[in-house]
Every structure is written in structure tokens, then in C-alpha cells.
Amino acid sequence: MSLPPIDLAVFHENGFIRKQCRITELWFWTADHDRTTCGDTTEDEYTFIGAPLIQGYPMRGKELKDAMRETFLTFFEQREHTRVAPYPVLARWRDDIHLTIASIADFQPHVTSGEVEPPANPLTISQPCIRLTDVDAVGRSGRHLTTFEMMAHHVFNRPEDGKMFYWMEECVRFCHELMTEALGIDPLEITYVENPWCGGGNAGAAVEVIVGGLELATLVFMNLEEHPEGEIELKGDRYREMPLQIIDTGYGLERFCWAAAGTPTIYESIYPESTTWLKDLASFSTITSQWPSLDLDALLGEMSRLNGIMNIEPGVDAEELQNTFLRRLDERGIKVTAEQFSAVTEPLAKIYAIPDHLHALCHMLGDGLVPSNAKAGYLARMLARRTLRLRDELNLDVSLADLARHHIEVNLGSAAMKQTHDGLLGILALEETRYGEMLRKGGNVINTQLKNVPKEATSIPDETLFNMNDSHGLAPDMAVNLAKKAGWNSVSVRTGFAAEMAERHAKLAKQAAQAVEAKPLVDGTLTVPSTQLLFYDDVQQQEFDASVLACLPLVGEDLPEGATHAVVMDKTCFYPEGGGQEGDYGSLSTASSQGRVIDTRKFGDHVLHLTDGPFEKGDLVHGSIDWKRRKQLMDHHTAVHIVGGAARRILGPHIYQAGANKSVEMARLDITHFNRLTREDLDAIEALANEVLGQVQRTEKTELDRKDADKKYGFDLYQGGAPKGSSIRILRIADHDIQACGGTHHDEPGQIGSIRIVRSSAVQDGVERLHIVAGQAALTYAREQDTLLRSMSELYGVPNIELPKTSQRFYNEWKDQRKRIEQLEAEIVRLRTSGGGSDSKEVDGVRIVIMEAHGNLKKMTKMLKELTLDKQNPTLAVLGSKEGGGKLMIAVTENTVAAERYDAVVLLREIAPHINGGGGGRPTLAQGGGSNPDGLDAALDAARAAVGLSN
RNA sequence: GGGCGUUUAGCUCAGUUGGAAGAGUGCUUGGUUUGCAACCAAGAUGUCGUGGGUUCAAAUCCCACAACGUCCA
């Protein structure tokens, strides 16, 4: 069974009839009875360009967006919806996506799964969203944006509980009223297209609202979930109804603005000041003034109309696309040459893309994101770099920070941001510096990579281009530009290369997507009641009595040494590993037996005590935790929170926890920051953290409903990761740090004693790892450092304070002496071989030196250099050493009679067997070694014999 | 989270099947000319990122770690 037709009274009342589109074959409702297409097809052109369909909005830009948004939200407020403030664009409450891609994303997964109540019901919202999938099309298509606001009205119905607010009929009626009454759109321009929606395991009927050829809104009625035995089939999958029935709508704010403005592209509607400013900076008027007869607005308008119906896929060949455009523009009476077309549209596309990219960038950084080369931070860097490239291609003489400053002034106004303006601009300045550095290095990269490519080549090998893009950040067209500057004058990017590269990246991504699921510790599922957690009531409790509900043999792979069984009890004060805090150790005992608890883990709602032996179901046990260990873990865990708060206060609002680990020896806290931390930074954080220890008497622990927690504290609560349940534990250390955290914490921070930040290291760009010791571990650390220093100072025989100076002196002396030794060794060789001593004989004009030396091959090399460098004195030198199993080196003076007569390699091969060895080299220099140093004399004798010398 | 790249003189970088550590620039000194400069000659500067391994022999091959960079999800 598929979905039934959507047949609503609101359609009939307004004179709409149901028809099937002759192109897409989708069913749609229209008031225009002659209409044969659904409105969103290759034949439905935009009708609003130059002829706005929404009246009464003469303003542009931010003012227009503000007015349109207000109209929408007020409309729904007046119809019993509660206005909800927008969520951040960084989806910190989710672990599956980085960015908020739709208004419904605000409520996934906790609200849409039914676990948590929505903040209001029904509600209306205008949610800033960022989608980077179409980033290539932004500016070029006339309508694509990476950042937009999705206006919405959402309803979460629960018919089984008698909570049914409204469904299709009312929803479509609201929409129709908004369109026709509030915004004055002619009903003849509206089509409602039936097009079922599915994604992420859910599905439902959906209506696309097309106005003037542009999809303005989508109304989704999400009431199905994927299930193998479901009755309803959609696009190959089976679905069944679910208890929660959600209305998910999305109205594109910017598209409404466009329909109200009727500008040639969407960008002039929403970023008019920016496009004007950038056109001016890019001297765009000097381009157009070349052809005074060219009607720019007509051209752009036609292009937009064409863009709307020509589905431009990413990676489509630019030249082919241009030809299609020219042909179709010609059909419409717009005469433009290929040269004019690209001269006008190429810079314009860049000018349009810049404010869009800046908007996304300011939103992301404003939410506290730190640019990086990984994770969400990479998205910000990518946008920053794209913007910089666009700027450079347009030859704009303006910094990225200035672009952003202008954008904030004009398009964001006084909108609240988590990051400070100075912080944001500072980060962008840093990004620009890094981009410049990358470009500067690009020149060298080109020369290295193209070493084997002839200068007259017309293309660069694919592999090289891929490599330069992936490893060095040089996009193909940048690489080609640099290559041209470096002397490869005729290279160009081959047609279709960009598409191939995208395909290749997609393939790699697919391979990487295969996630590895951890194996469970025990087989099957536990049906016994969930474990009562005593440690939340009293973190100081060390002992308890409980009864064993189950005892299972351990089967997983990642098990601690000696653990054999998992014991489940009705209650426990053992803390299971979680939130970066390691599990508790300790013991369990009954009247007759005792077992060690080697680790504690979480398994659903149960706590597994990993023991070194079995217990019987029904046993009454006495549990006792290793308190010293627990106390240390608590010291570290609470310290991590305090240090995190201190770092935020010292470094700025962008500091966010990116991960943490607390063991007995030390704790690690990963924080997001745009620079490497100096020791001064660490000292300041450490000082503040210790100050907090003294100032805050008690920590405050509360348990709040998720909905209330979000409202009260915002999303910075979820530093430790997105929580699963509806009830949230909150640890509050005065106003210093407030976080959702399930770990065990001190009631009095003072119990920690002291906190030391040992050092910082880089986890990845944009994430710094702080190594922290607290409490007893801090003392242990101090003692270890002290011991280390003492042993050093005893070794040198100087006080601690002198150590750096002394080791510097030793290092310098070592270097000096090494150099001196080399000089002396050379001197020895000179002395031994000069003046025709017994080590040196002459045979037919060639000096023959055969002697035993000392030292390794490197030292003998120096000697040989002395001996054979002088062309005036042709020499054959054979040196042998007994070091390391015996070494032999032979050299002859190059380009002399000696080299003609003797081959070092041949001679070496002849004599090397005496020391059981081998070797090789060049005819003028050979070296080898063996394993029989005692044969050295025999080897040297053999050499003498070979050249005709004998004793 | 995954992939890739880089690390050699103060700086920018070469370094071929493993076999004598290099260039350009900068630095020092001398010469020529002296308005900066330019030119000529000589010279100094190296833990070849760190730690292991293979080998007679490692900047070079293998492994681990670190730092830096980059692409993608």
C-alpha cells in the first residue's frame, strides 16, 4: 500500500482541483484549471522576476528579512503557536551532524523520538540554517545559498494520549491563509504538489508549495517509521505508523523575500548593500561600460529564469553550460556574445557568493566555532578560504576581517553572538594569514610536483593535480595559475576534472563511512530491574549491601586483565565508566566468598561489576569501593570542570570542551582554541582554577527536565556530549562552570587541594589538550619532577638553578670537541701518509696507501678524502679497521691514472672475503664490512698482492 | 572520524637502485669599487624532527611517536 491522495476541504473551498503533472507525473492541486504542470518543472519559469508576487515589501536586505520574518511569526502567534527563539547554527546537541540544517533539526533526536517534551506545542520559529552541499552553485545559479532561515510551524501530536493539535487540513489551511491573505499572493500562482517525504528512518505525506515556479515551502506530515512488517511502502522501504505524529514545515525566508522583491537574483533581495559595495570594489562598472547597449538586468533576469528550470548539477561542464545559456538567451531575444557573457557573469557570480559565505561564516564563528582542519571547524575554514579565493579572483583590495566587519554591520546588525566581534575578526585575520602562507608555499609545491613535467606540456597529470589539491590545498585552477607563473605557460585544467575529483572524494568518503560497532561485554539483554545508583545521592559513600540479580560470563574483547564475570545488583555505589571518568575498583563479599571488582561498566540501565570470579543470583553481598582511587578520580573530574571554566574566562567564549579523560594518574581536557597555548596562557588558567578552589564553597548538583535545562542554561550545558535521556544532571560550580554531567563530583571543591596544568599538546588544529593533575596526583607529580631534577643536579654536580646553563655549556663543549677530534684525525692521516713512510709506496706513478686505521666508516671516509682528493698525487688508498666486525674502504683519485688502473669495487670484492663480508660502491669509492675482524691483516695483504706489492 | 603530505644550514629548498651531506639566499673576512649597491675570492654555520628496527653501511628502507600542513565525511 502506498499513501492515499491528499484530499482536503481547504482545496475544494478555494476552487483547487487535483491534476497529474505531465512532466513529473506527480499529483498536484491548482486553482488554474488549464495548468498541466505542477509548477516545479523544466518548463515552469519564474514569474516573479521584475513582477513581485508578494506586495507591500518595498525594502531590501536585512530590513526586508526582518519584516518578512515578523509577518510570518506573528501570523502563527495569532493562531495559537508559541514563538520559540532560534537555536545555534552549530548543532551541539547532536552527534550526527555539525550544523543545523533545518528547523526540525532543533528537535532531533530527543523530541522527535518522543523522549523529551518540545519547548512549546504547537510552535513557530525562524531557524538560521547552513547547508554546504550546494556551495559550488552559490552565486552562479541565482538562487542557491549556503545559509538561509527556515521559518516553520511545528506540531508534535500524540493521538494515543489524546494530544492531537492539528493535522493536514489545518496545516494546509494555515499555509494557504498565510500565502493569500497575509502576503496577498494570487491563488492562481500557487500549486500544492503531493510528494511523499522520507529520510532518516521516518517518512510521511508531504506537500510542496510552489509559487511562481519557485518552491517557497514544504509541509511534511511525519507519522511513519521504518519497519520490516510495515503496511506502507515508499521508495522501496516499508513503514508503519508511529505514536508521535509530527508536522514539519519549512518556509524559506529568503525565497519569500525574493518573491517580494522580484530582483534578478535572490542575492540582490537579501544582500543589496554587500553586492553594491563589492561591485564598486571590483570596478564592475568598467566591465559593463564596455558594452553600453547591454541590458544587464534583462540578462540577469533571463539567466535566473533559465537557472530555475535548468537543473544545474554540481560538476557540470562550464563551457557546455555556457553554450546552452547563450543559445537559450538568444531564443529569448537577448543578444550577448560568449565573451560578454563570461566577462559579466563570472565576476558577478563571485560577488554574489561572497556575502552568502560571509553570512554563514559569521554565524558559525559567532556561535563560538573555531576554524580547524577537521570536524566542524573545517567547514568554517573551507568557507573562509573560498571567500578569500573569490576575493583574490576579483582583485579586491580588502582584508577578510574587513569584509566580515562590513557584513556584520550591514546584514547582522546588533544580533546577539556568543563570540565577541573582536574575537571573530581576530580569528578571520589569523585565517587570512594561514591562507597567505599556504599560497606562498604553493609556489614551491608547484616546482617540486612538476619537476618531471616538461615546460611546454598542456596538462598536468591527474595524480599530480589530485595530490596538490588533497595534500597541499591547491585547488586545480589555483595550481594551474601558479604553474603558469612558474613557467609552464600552456597548461590548463582538463574538462571534467573537477567532477572526477568530486567523485573520487565521494568514493573515499563512502569507504570511510563503514563504522565499527563495539562488541557488547555480555551476550543477550538483561531483563532484571535496572540498577539503583547510590553515588548520586552520596558521593562519599564507600560501602553498601545489595543483592545479586544476575551474574554473566564476560564475552567482549576489550576486557581488563583477570576479569571473568559481570555481576549485576539491585543497587550500587560503584561508578561505571562514563563521561571520560574511569570506572571504580573495589571488592564484593558474601559470608563465604570474596571477589575483586576489576572495573565497572555501563550496560543500558544496568551497572556491570567486572569481577575475577562468579557470584550466585540471590547472593547478599557487601560492596566496598577503592576509595583512594575514587577520590582521585573525583579530584580530577571536578578539576577538569574548573579548568574548563577558567580557560573560557581567560581565552574567550569559543572555548568548548572537545573531549576529556580522567584517570588516576592524570586528567586530560581538550578545548577548542584557534592558536597554540603558551606557558603564560597555561599559568593564567592554572592560577584562576586554583583561585576558584578557594572561593567556591560548594558545588550545586541538580536534576532538571531536558526542556527546562535547555531553556535555563542553553546548549553550552552539553560540553561533554549530547545527552540521551530526558532528565539531565547538572553540575554547577558557582557561575564559573555549568555543565550537564553524569560523573561523580566533590560537594566541596576545596577537597581537591590543588590543581596543576602540566602541559598542553595539540590534538588537531583548533583543539588543544590540557594535561591536568589534581589532589594527590598533583603532589605525586611534583615529587616526581623534583626527583628528576635532583638526579640531574647530582649528575652535573650543580644546584637545580644552574642546570639549564650547565647543560648548555656541556652541549656546546661536546660540539666543539667533536669538531676538534675530526680535525685531529685528519692531521694524523696527513702525518702518516706524507713523506713516503712505510704505509705509502709508489707503483708506476700511483701512490699506493694500504694501512690499518681506527674508527668507523664515517671517520675513514674523512681520511680517504685527505688521501685521494689531490689530483696532482694520484692515489689508491685501502683502509681497514677492526671496528664492528671489520671495515674496509677503498678509494682512488678521480680522473687520474689511478682511476684508470684500479677499480675500487673490484678490489674490495677480492679482499672482503677475508673478513667474511661484502660491500659495494662506485669504481672510485667502495666500502664494505664483515664479521671477522681478525682477518683484516690477511685482507690488507691480499690488497698488496693484488696491486703487485709484497712484503 | 578517515585519507594524504611535509620535517635536511638562520631562511627557501635539492638530495637518483642505501655507499663522501648540497644549492640559492643570508652571515663573517678579504679584495675591487665606494652613493646605496654590484662583483670577485675565501670561510664559518648540520642531533638530516625524536626513538627504535633492518643492513657491512640509513637523510634514503621498515615501525612507533611528535610537530606542522592539507583534503574529505
Side-chain angles (χ1 to χ4, degrees), chain A residues 95-99 132-133 372-376 378-379 381-382 385 434-435 437-449 451-452 463-476 478 501-516 658-659 676 759-767 769 811 814-816 818-819 856-869 877 879-891 894 904-905 908-909 912-913 915-933 936 939:
Chain A
D95 45 22
D96 53 341
I97 51 172
H98 293 304
L99 300 171
L132 296 177
T133 43
S372 161
N373 54 17
K375 297 190 179 175
Y378 173 71
L379 303 175
R381 176 158 297 165
M382 186 192 81
R385 297 220 161 153
R434 288 184 170 143
Y435 171 78
E437 186 68 8
M438 188 191 80
L439 278 190
R440 191 185 61 74
K441 289 199 169 156
N444 293 324
V445 170
I446 289 288
N447 280 314
T448 312
Q449 295 274 331
K451 210 165 33 185
N452 298 321
E463 269 314 303
T464 309
L465 272 184
F466 283 131
N467 196 301
M468 285 193 286
N469 182 75
D470 284 9
S471 304
H472 300 102
L474 298 173
M478 283 162 83
M501 192 165 78
E503 206 171 291
R504 186 168 132 147
H505 283 148
K507 216 186 222 165
L508 286 171
K510 216 174 212 175
Q511 282 169 12
Q514 288 156 357
V516 269
R676 293 308 309 264
R759 65 193 175 92
S760 69
S761 57
V763 180
Q764 64 182 39
D765 194 26
V767 179
R769 173 164 295 172
Y811 180 73
W814 167 77
K815 259 168 80 170
D816 289 348
R818 201 182 51 157
K819 213 175 304 161
N856 55 25
L857 283 172
K858 216 154 209 170
K859 282 184 182 163
M860 296 207 295
T861 306
K862 294 262 183 211
M863 298 184 202
L864 282 175
K865 210 171 180 177
E866 269 312 316
L867 287 165
T868 60
L869 217 55
L879 296 184
S881 156
K882 287 184 178 163
E883 192 169 284
K887 309 277 182 218
L888 285 169
M889 270 194 100
I890 303 177
E894 281 180 42
V905 178
L908 181 75
R909 294 253 160 84
I915 55 166
N916 296 343
R922 302 192 310 260
T924 54
L925 179 86
Q927 49 208 290
S931 54
N932 177 27
L936 185 65

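Per chain, numbering begins at 1; letters A, B, ... match sequence-line order.
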Student: Which nucleotide in the set B/G5, B/G1, B/A67 lies at the smallest distance from any side-chain heavy atom of A/Arg676?
Tutor: B/A67
Student: Mind checking A/Ala912 for me? I need base, sugar-phosphate or nothing, with any heavy atom below 4.0 Å counting as a touch.
Tutor: nothing
Student: Starting at atom CD of A/Glu437, determine the distance to atom C1' of B/U70, rounded to an integer number of angstrom.
Tutor: 13 Å
Student: Judged by each residue's nearest nucleotide on RNA chain B, which is more toward the 5′ side, A/His98 or A/Leu474?
Tutor: A/Leu474
Student: Strictly under 3.5 Å: I want the nitrogen or oxygen pairs between protein and nucleotides 14-17 of chain B, one per line.
Tutor:
unit_1: B/A14; atom_1: OP1; unit_2: A/Thr448; atom_2: OG1; d: 2.8
unit_1: B/G15; atom_1: OP1; unit_2: A/Lys451; atom_2: NZ; d: 2.7

Student: Over how many whole Å does the gap from A/Asp816 atom CG to B/U45 atom P extend?
Tutor: 10 Å
Student: To the nearest angstrom, how far is A/Leu465 atom CG from B/C4 atom P?
Tutor: 19 Å
Student: Quick one: is B/A73 close enough that its OP1 or OP2 comes under 4.0 Å of any side-chain N or O from A/Lys375?
Tutor: no
Student: Mapping A/Ala891 and A/Ser761 to their closest nucleotides on RNA chain B, which lands nearer the 5' end?
Tutor: A/Ala891
Student: Could you state the atom-to-atom distance from CD1 of A/Ile97 to P of B/A73 in whole Å?
Tutor: 15 Å
Student: When you check the gap from the basic side-chain N to the acidic O, do A/Glu437 and A/Arg434 get nearer than 4.0 Å?
Tutor: no
Student: Atom CG of A/Asp765 to atom P of B/G5: distance rounded to whole Å?
Tutor: 19 Å
Student: Charged N to carboxylate O below 4.0 Å: is that the case for A/Glu463 and A/Arg504?
Tutor: yes
Student: Grab the NZ-P distance between A/Lys887 and B/A57 for me, whole Å please.
Tutor: 5 Å
Student: Please determine if a side-chain N or O atom of A/Arg434 lies less than 4.0 Å away from the OP1 or OP2 oxygen of B/C68.
Tutor: no
Student: Enter the distance from A/Arg676:CZ to A/Asp765:CG here, rounded to the nearest 0.5 Å.
Tutor: 9.5 Å
Student: Over all strands shown, is A/Tyr811 touching base, sugar-phosphate only, or nothing at heavy-atom distances under 4.0 angstrom?
Tutor: base
Student: Taking any heavy-atom pair under 4.0 Å as a contact, classify A/Arg504: base, sugar-phosphate, or nothing.
Tutor: nothing
Student: Under 3.5 Å, is there an N or O donor on one side and an acceptor on the other linking the side chain of A/Asn373 and the base of B/U70?
Tutor: yes
Student: Please state how far atom CD in A/Gln927 lies from atom C1' in B/U55, giving the value in whole angstrom units.
Tutor: 13 Å
Student: Whole-Å distance between B/C71 P and A/Asn467 CG?
Tutor: 13 Å
Student: From the list B/G5, B/A67, B/C71, which nucleotide is the closest neighbour of the side chain of A/His505?
Tutor: B/C71
